[in-house]
Amino acid sequence: MTGKNMIALQDISVQFKQRNESIQAVQHVDLTIAKGDIYGIIGYSGAGKSTLVRVINLLQKPSSGKVIFGTQDLGQLDAAGLRKARRKIGMIFQHFNLMKSRTVLGNVEYPLLGLKITKEARQQKALKLLELVGLKEYAAAYPKQLSGGQKQRVAIARALANDPEVLISDEATSALDPKTTKSILALLRQVNQKLGITIVLITHEMQVISSICHNVAVMDAGKIIERGPVTKIFARPQQKLTADFVETATNVKEALTRILKQNSVSERKLLIYLKFIGNTAQESIISSISRDFNLDINILFANIDQIDGVNIGYLIADFIGARSVILTVTEKLKAAGIAVKILDNAEGQVQL
Amino acid sequence: MTGKNMIALQDISVQFKQRNESIQAVQHVDLTIAKGDIYGIIGYSGAGKSTLVRVINLLQKPSSGKVIFGTQDLGQLDAAGLRKARRKIGMIFQHFNLMKSRTVLGNVEYPLLGLKITKEARQQKALKLLELVGLKEYAAAYPKQLSGGQKQRVAIARALANDPEVLISDEATSALDPKTTKSILALLRQVNQKLGITIVLITHEMQVISSICHNVAVMDAGKIIERGPVTKIFARPQQKLTADFVETATNVKEALTRILKQNSVSERKLLIYLKFIGNTAQESIISSISRDFNLDINILFANIDQIDGVNIGYLIADFIGARSVILTVTEKLKAAGIAVKILDNAEGQVQL
Amino acid sequence: HQVNSQQTKSATITVGSMGSDYAIWQHIAKSAEAKKLGLKIKVKQVTDGVQLNKATAEGSIDVNAFQSWTYYVAFNKQSKSSKLAALGTTYMEPMGIYSKKYQKVKDIPDGATIAVADNPSQQARGLVLLQKAGLIKLKKNFDVALGSINDIASNPKKLKFKQIDDTTGPRVLHTVDAVLISNTVALEGHLHVLSDSIYHEAVDQSTKANINILATAKKNKNNENYKKLVTLYHEKSIQKYIKDKYYGTKVNVAKPLSYIEK
Amino acid sequence: MANLIPNVLQMKAEFVQAIWETLYMTFAAAIVAAILGLLLGVALVVTQAGGILEDRLLYSLFDKVTNLLRSIPFIILLAVISPLTLFLVGTTVGTTASLVPLVIGIFPFYARQVQNALLDVDQGVIEAAQAMGSSPTEIIFRVYLREGLPDIIRVSTLTIISLIGLTTMAGAIGAGGLGDVAISIGYARFENDVTFAAMIIILIFVFTFQLIGDRLAKVFEH
Amino acid sequence: MANLIPNVLQMKAEFVQAIWETLYMTFAAAIVAAILGLLLGVALVVTQAGGILEDRLLYSLFDKVTNLLRSIPFIILLAVISPLTLFLVGTTVGTTASLVPLVIGIFPFYARQVQNALLDVDQGVIEAAQAMGSSPTEIIFRVYLREGLPDIIRVSTLTIISLIGLTTMAGAIGAGGLGDVAISIGYARFENDVTFAAMIIILIFVFTFQLIGDRLAKVFEH
Ligand SMILES: Nc1ncnc2c1ncn2[C@@H]1O[C@H](COP(=O)(O)OP(=O)(O)OP(=O)(O)O)[C@@H](O)[C@H]1O
Ligand SMILES: Nc1ncnc2c1ncn2[C@@H]1O[C@H](COP(=O)(O)OP(=O)(O)OP(=O)(O)O)[C@@H](O)[C@H]1O
Ligand SMILES: [Mg+2]
Ligand SMILES: [Mg+2]
């Protein structure tokens with residue numbers, strides 16, 4: 001992140017009129033995306049994500065608000081100027097949107113057709129891009145002959161043909177299976193790192209956010225209800241909706257419900273939920289406390305992983321030992337910056 | 001599982017003829033599904049999963065092989081007999097396949113239209129089913145007005161209208177977001193437990209298998225390459241493809257690649273990969289060994305959860321202490337039935 | 001100078017026609033007599049009479065040969081801008097009342113269905129013939145060019161009329177009680193007016209308005225080459241051909257136009 | 001008024017009759033053609049490759065017959081169909097006689113349109129119905145015709161407008177109607193106001209059918 | 001042979017000429033109608049709601065004009081269009097003169113078909129082209145017409161077959177052609193073999209066009 005702004009949406013609202021009613025698809029959204037960032041936008045269906053990103057290149061004219069791209073106010077440009085600006089913003093879609101009448105090469109060449117370069121130069125460039133996405137040998141194939149993941153790679157190559165500064169991905173992996181999704185995300189990460197392209201990425205899957213984004217905005221009913229660095233959002237979601245998304249990515253809540261149902265009560269046992277963020281996870285907490293305090297720690301659920309370079313861990317475990325000792329330990333853990341919650345056995349929801 | 005067979009596919013092959021070539025979509029598949037089971041079929045796109053399950057109710061006539069449903073050989077039935085048998089096999093689809101010209105109630109009533117019952121009785125039954133899937137208040141709505149998850153609930157209610165013995169779900173959750181997927185899977189689990197309906201479930205997401213199925217078959221290029229109880233498959237995948245699926249569900253391989261890249265070599269440190277299955281996970285291994293052997297165990301990655309009632313855990317940790325002690329510990333762990341692998345620091349792939 | 005241009009133009013004369021007339025003019029075009037007169041004739045079939053007259057009036061067709069005097073008069077009366085001029089008479093042919101069911105006009109029962117042409121001059125002519133046969137009475141001021149079934153004064157037999165495209169006359173013959181068919185059409189349908197009709201027009205002074213003519217655009221009224229067509233039509237060998245081919249139903253009329261006009 | 005349309009005013013009765021004749025031809029032919037067209041259209045859909053009663057031979061037969069009938073120009077049909085007309089309605093002239101060529105001229109066209117409309121019915125829904133044990137007849141009536149209804153209404157509108165066009169040619173065999181008034185009175189007698197008035201009435205019919213069709217289609221589109 | 005088709009054999013020259021006339025009318029009218037129809041069809045697609053050059057007023061105008069022209073029965077068009085014909089081709093009768101009513105009779109129909117074909121072009125692809133900075137002209141030529149090509153070929157086949165049907169009526173204004181042979185010779189003279197032979201040739205044309213169209217559409221459908 002260089003700190004320089006690539007995109008700034010200022011007080012954007014979008015209203016759709018349908019028959020009698022009008023829908024506020026986007027409501028007073030401010031959003032600034034720094035150059036070189038990978039910025040995720042997450043939200044359930046109908047939240048207004050697509051509408052919002054379509055505002056970035058004015059495919060959707062906002063009812064009010066300003067779109068600043070680099071230093072240009074896109075709303076002030078004439079048609080030709082806007083088209084020129086759009087070439088700097090590549091876009092990939094859920095359903096690929098390739099032209100079935102053109103070969104893979106032809107599709108990647110498409111954005112270059114208007115330019116004053118020779119056919120050879122154009123094909124050369126398209127081939128280089130196909131090489132980048134690993135599909136050089138499919139140049140002469142038609143989209144119909146490709147798998148979903150391959151089609152999306154072609155779409156990415158096409159979006160890169162104009163040497164864009166920004167790449168917008170609208171649910172580009174939602175139609176793909178998990179394995180293909182990973183390979184597409186890896187390609188996007190590579191594009192971001194090698195070519196320095198800013199990426200705006202829409203999804204409804206938190207796994208996608210956690211595996212590639214630096215920053216994330218959570219949308220609900222046309223508004224951004226929470227935003228910030230991915231690690232922070234994962235660690236301390238402020239909104240219920242955000243917490244829901246985090247939970248589906250970590251399985252914590254589901255595990256908790258199950259464990260609470262199965263757990264047996266005992267004098268010498270306490271069910272404890274721990275959440276570590278950052279370096280604390282590296283410090284062998286479990287082993288050191290079990291050794292130092294002579295506790296048995298029985299791990300019932302654990303999810304410890306790295307998100308955007310930061311370790312984040314969730315752990316549910318039975319601490320077995322004298323109750324007083326266990327309570328001392330929890331204090332010690334809290335002091336070390338770990339979130340600790342003692343779970344009593346009451347059936348039903350426990351707010352984490 | 002009662003042990004009684006509900007469905008038996010015997011040496012099923014399906015061949016499609018297209019222009020000049022012919023495609024072997026399913027090749028010599030034998031598959032037995034017990035009454036009351038939830039049986040998952042997983043495989044990548046084009047593996048032949050849909051073709052195989054469409055053989056179960058003879059929507060797809062097999063080129064060769066027998067389909068035994070309960071005690072009937074479906075291939076021997078006449079058209080009317082087959083239709084009667086089909087009513088005992090409910091089916092739900094990825095794209096819901098609701099009739100847009102009928103209300104929600106009308107859709108659920110549809111399978112009952114041919115029966116000799118009064119209109120009231122029919123509507124009563126449909127309403128009861130809508131209640132079961134939690135959509136009673138939407139009875140008069142049209143499918144267009146529903147969200148994806150709601151549509152799938154209507155489809156489930158419709159599939160249950162004939163009091164089927166088997167419910168086939170062909171990627172019923174693939175078009176839904178993760179949260180909705182969970183609620184649909186919970187509904188299927190409920191249908192299985194409350195109504196005792198056998199479920200055959202196709203998916204390409206291992207998470208779906210792990211969260212609901214008892215048994216699973218892995219398909220590749222028209223063949224079942226591996227099958228068995230879900231826990232067993234998760235614990236000890238025999239085929240590369242199966243291992244791949246398990247990995248996408250657990251993130252182990254990705255984490256490993258990252259850790260190997262970041263790991264620093266040291267005399268007193270050994271990077272170790274552990275896999276626990278079943279009760280071993282319950283035995284506070286980590287805490288007891290760190291205590292007994294005075295080791296620091298620094299957990300870098302953990303994924304410990306329950307699959308189909310059995311604990312399965314993956315753990316990557318730095319064991320810090322005297323090398324000889326660590327090696328003793330690993331032996332002790334192995335003796336306790338835990339898979340242990342000492343990871344040397346060689347860059348690149350480590351076969352788990 | 002003007003003669004010159006007329007001569008160059010005389011190279012080819014386009015004659016527009018239809019039905020049996022079309023066949024006759026095709027024969028004439030190929031005849032030795034035409035060559036002798038130095039006429040090159042091209043024949044074109046146009047089955048819509050109005051279009052044929054319009055095309056003639058504005059010059060797309062040089063001369064047309066299909067209409068009766070009454071049709072010509074009606075056209076000139078109704079058409080505001082483009083007018084025609086008659087070049088000369090050709091023949092007269094009787095219209096007939098045909099029936100498959102009845103041998104005589106008086107056999108036609110009450111309430112019978114009669115098919116008449118849907119184009120004005122043929123319809124008017126047919127109605128006059130029906131009056132002559134004693135089946136109906138027409139209004140006093142009946143227009144022989146444009147009169148229609150609305151101008152019937154009395155219809156004692158309560159005959160029903162069906163208006164049809166006159167070329168389909170022979171086709172509907174066996175499904176209605178009687179059909180009025182002009183001879184041009186009847187010949188096409190292999191009907192012989194003198195033997196097959198149950199009643200037909202007399203070819204005399206009283207029906208002279210039905211004489212067929214050659215017509216051209218008003219401005220070409222005096223074109224010598226066009227006038228030669230009239231002469232050509234009445235050549236002996238041509239007449240023999242027509243007589244043989246059409247059993248003498250096309251009665252040759254070689255009279256000056258003044259004969260009809262008065 | 002009398003200056004603008006002198007002839008039309010004198011012909012009120014003819015116009016009323018012509019309107020009736022046109023409406024009679026249109027509706028009577030439409031009803032018969034609708035039945036035949038629906039039958040043939042459904043037959044085409046269910047017998048074609050992947051259809052619920054797939055039958056290559058039958059499909060190829062239906063398909064060929066449809067193409068054949070569609071290729072016969074109406075004006076020729078009007079001319080050559082008369083033996084059949086005679087057999088069916090006992091006469092070859094008049095409004096009723098025109099129904100035979102009208103029906104034959106329009107129903108193969110309608111069948112094709114119905115086929116296209118039914119092909120748009122979601123294949124998945126058909127499969128779901130099969131999986132629920134519906135018989136072919138049930139699928140035709142409860143799924144195809146019901147799910148396809150808005151589209152069927154749309155193609156019916158289109159077809160009825162084409163049919164009005166055909167009725168204007170039926171004057172040749174004595175069927176009367178507005179087309180005949182426009183041509184054999186308005187045109188042949190140079191009464192341009194009559195032609196114009198007849199055309200306006202035809203246009204009103206066309207736009208009315210279009211409007212009703214659009215409305216109906218919307219009602220059934222949930 | 002001579003017994004079966006006695007009249008046809010005597011009329012070889014007429015048939016050859018009629019075939020040329022029909023082909024001339026069909027192709028010449030098709031070329032002009034194709035240009036006009038493509039223009040109007042594209043105009044309808046781009047100006048309609050959600051189109052790349054959305055313009056309610058223009059769309060409503062194009063739409064109304066198309067409907068209006070489509071509602072005029074061809075037989076009436078043939079009768080009343082002659083002043084325009086005279087203005088455009090200098091004559092009102094003959095094969096060339098028939099091109100004017102043929103074009104006017106068919107191009108609005110073609111425009112509608114083109115519109116439908118282009119509406120089937122994936123909206124997402126259009127949006128992608130817009131996102132890539134393509135101008136409306138580029139989108140029309142590089143996306144709509146190219147992606148829609150197989151469908152455009154299909155509707156062109158359909159249209160050319162309808163056009164052949166129209167040419168059979170053009171005999172009324174002296175255009176000749178197979179329809180005229182079938183009717184004014186075959187039908188009027190009870191020479192059934194002539195009618196039959198003319199119809200067979202028309203059918204051969206129809207099936208040939210259908211075959212070529214199907215093949216071409218397949219070639220361009222990747
Ligand atoms: N062109 C349009 N006309 C009317 N309403 C629209 C239009 N586009 C979107 N909407 C409405 O605006 C709201 C936001 O839609 P949007 O497509 O931006 O949501 P989304 O977050 O992208 O959802 P999804 O995950 O389903 O793609 C929805 O209520 C939608 O119905
Ligand atoms: N009707 C058909 N005609 C020809 N080939 C077919 C047909 N149906 C399926 N196939 C082919 O059979 C193979 C198996 O297809 P199938 O739909 O069963 O796969 P799948 O595992 O369900 O894939 P997906 O996850 O994409 O649904 C594929 O190669 C497919 O192309
Ligand atoms: Mg969206
Ligand atoms: Mg499938």
Side-chain angles (χ1 to χ4, degrees), chain C residues 14-23 25-26 29-30 42-66 79-82 118-119 164-174 181-191 217 245-246, chain E residues 6-7 10-11 13-15 17-18 21-22 74-102 167-195 198:
Chain C
T14 306
V15 175
S17 189
M18 64 174 93
S20 51
D21 289 340
Y22 174 65
W25 281 97
Q26 278 186 310
K30 280 181 265 174
K42 208 176 107 198
V43 197
K44 191 171 217 136
Q45 168 138 284
V46 178
T47 59
D48 179 345
V50 179
Q51 291 288 0
L52 182 47
N53 269 348
K54 275 191 187 169
T56 309
E58 45 85 353
S60 299
I61 298 281
D62 297 322
V63 175
N64 72 43
F66 77 104
S79 173
K80 306 274 175 321
S81 50
S82 39
D118 62 1
N119 76 67
I164 59 167
D165 187 292
D166 61 345
T167 59
T168 64
R171 288 276 171 177
V172 304
L173 184 52
H174 46 297
I181 309 176
S182 73
N183 194 46
T184 320
V185 174
L187 286 170
E188 292 284 283
H190 310 306
L191 295 170
K245 181 131 194 226
Y246 300 108
Chain E
N7 306 299
Q10 288 173 19
M11 293 183 51
E14 277 92 341
F15 264 101
Q17 197 195 340
E21 283 161 349
T22 293
F74 186 67
I75 189 107
I76 294 184
L77 196 65
L78 209 51
V80 300
I81 203 101
S82 57
L84 179 65
T85 308
L86 184 63
F87 174 73
L88 288 174
V89 297
T91 171
T92 59
V93 290
T95 319
T96 303
S98 76
L99 298 180
V100 178
L102 285 172
T167 67
T168 59
M169 285 187 253
I173 57 165
L178 290 162
D180 193 44
V181 166
I183 292 171
S184 65
I185 299 178
Y187 178 67
R189 295 188 194 163
F190 289 86
E191 294 178 1
N192 291 329
D193 60 330
V194 173
T195 306

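Treat the numbers as computed from the prediction; the structure is a model and nothing was measured. Below, each value reflects all heavy atoms present in this structure, side chains not excepted, and no hydrogens, waters or symmetry copies. Residue numbers start from 1 in every chain, and the chains themselves are labelled A, B, ... in the order their sequence lines are given, proteins ahead of strands.
Between the OG1 atom of T47(C) and the CD1 atom of I173(E) there is a distance of 9.5 Å, given to the nearest 0.5 Å. Separating the CD atom in E14(E) from the CD atom in Q45(C) is a distance of 10.5 Å, to the nearest 0.5 Å. Put simply, CG on N53(C) and OG1 on T92(E) are 10.5 Å apart, with the number rounded to the nearest 0.5 Å. Residue F190(E) holds its CZ atom at 4.5 Å from CZ of R171(C), rounded to the nearest 0.5 Å. Here NE2 of H190(C) is found 5.5 Å from CD of E191(E). Values are rounded to the nearest 0.5 Å.
Ranked by heavy-atom pairs under 4.5 Å with chain C, the first of G90(E), A79(E), G174(E), A172(E) is A172(E). Chain E forms more heavy-atom pairs under 4.5 Å with one residue of L187(C), T167(C), V46(C), V50(C) than with any other, namely V46(C).
Of all the heavy atoms in S60(C) and T91(E), the pair that sits closest is OG-OG1, 2.6 Å. Heavy atoms only, all atoms of each residue included: R189(E) and A23(C) are closest at NH2-CB, 4.2 Å.
If you measure heavy-atom distances from L78(E) to chain C, the contacts under 4.5 Å come from the backbone alone. Within the 4.5 angstrom heavy-atom criterion, only side-chain atoms of E58(C), from C-beta onward, approach chain E.
Looking only at distances, no side-chain donor or acceptor of Q51(C) sits under 3.5 Å from a matching main-chain atom of S82(E).
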